[in-house]
> 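After the structure tokens below, expect a handful of questions from me.
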Amino acid sequence: MSDEWVSYIAVGSMIVFAFGIVTLNAFRRRKEVPPPLASNDRKLYRLWRSDPDAYQRQYGQLDEQYRQAQNEKKRANSN
């Protein structure tokens, strides 16, 4: 009977450990704010997560142009 409980406790602790890691990663990912192009494209998001400097060199100017266009669009719609 005690061997059975030990195996239940071991399996239960492994399950809690695995779901704990997944949950913590999900909370971390929820807090981050990716650049506009990376938020809509999985390839760019992975590049931004793995090497933010390389992403900035390649797509930083495009992100800035996108932000400017969005700001102009908001100003045009508010008038």
Side-chain angles (χ1 to χ4, degrees):
M1 185 74 168
S2 66
D3 290 336
E4 203 173 296
W5 281 104
V6 170
S7 64
Y8 287 146
I9 291 172
V11 169
S13 64
M14 283 189 258
I15 290 171
V16 168
F17 181 72
F19 280 112
I21 290 173
V22 170
T23 303
L24 288 175
N25 286 337
F27 283 137
R28 284 187 202 134
R29 202 166 267 192
R30 192 174 189 185
K31 287 182 182 180
E32 67 188 18
V33 180
L37 294 179
S39 64
N40 296 323
D41 188 346
R42 184 172 298 276
K43 178 183 167 188
L44 296 180
Y45 179 78
R46 287 180 182 160
L47 175 63
W48 175 71
R49 289 272 297 160
S50 66
D51 192 0
D53 292 333
Y55 175 86
Q56 188 64 29
R57 283 191 306 272
Q58 292 178 359
Y59 300 101
Q61 188 176 11
L62 289 174
D63 277 335
E64 188 58 37
Q65 290 173 358
Y66 180 82
R67 284 187 184 116
Q68 288 175 355
Q70 290 300 316
N71 288 339
E72 289 174 11
K73 186 177 177 182
K74 284 180 186 177
R75 276 189 251 131
N77 286 338
S78 66
N79 290 334

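As a basis for the values below, the full set of heavy atoms in this structure was taken, side chains included, without hydrogen atoms, waters or symmetry mates. Everything numeric here is computed off the predicted structure, so don't read it as measured data.
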> So which heavy atom on P36 is nearest to which on R67, and how close?
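Smallest interatomic distance, heavy atoms only, reads CD-NH2, 3.4 Å.
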> CZ of R30 to CD of E32: how many Å apart, nearest 0.5 Å?
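One gets 12.5 Å once the value is rounded to the nearest 0.5 Å.
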> Using a cut-off of 6.0 Å, state whether more than 12 heavy atoms not belonging to Q68 lie near its atom CD.
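Enclosed.
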> Classify the angle between the aromatic ring planes of W48 and Y45 as parallel (below 30°), tilted (30 to 60°) or perpendicular (above 60°).
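Taking Y45 first and then W48, their aromatic rings sit tilted (interplane angle of 30° to 60°).
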> Once rounded to the nearest 0.5 Å, what's the spacing between atom CG of L37 and atom CD of Q65?
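Going from the CG atom of L37 to the CD atom of Q65 covers 9.5 Å.
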> Among residues at least two apart in sequence or on other chains, which ones pass side chain to side chain contact (heavy atoms under 4.5 Å, CB included) with N25?
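Listed in chain order: I21, R28.
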> Hydrophobic cluster membership, with links at side-chain heavy-atom distances under 4.5 Å among I/L/V/M/F/W/Y: are Y8 and V16 in one?
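Each belongs to a different hydrophobic cluster.
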> Distance check, rounded to the nearest 0.5 Å: Y59 atom OH versus L44 atom CG?
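Reported to 0.5 Å precision, the distance equals 5.0 Å.
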> To the nearest 0.5 Å, what is the distance between CD (Q56) and CD (Q61)?
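Between Q56 CD and Q61 CD, I get 10.5 Å after rounding to 0.5 Å.
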> Would you name the heavy atoms of Y55 and A38 that are closest together and state the gap between them?
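So the two residues come closest at OH-N, 3.4 Å.
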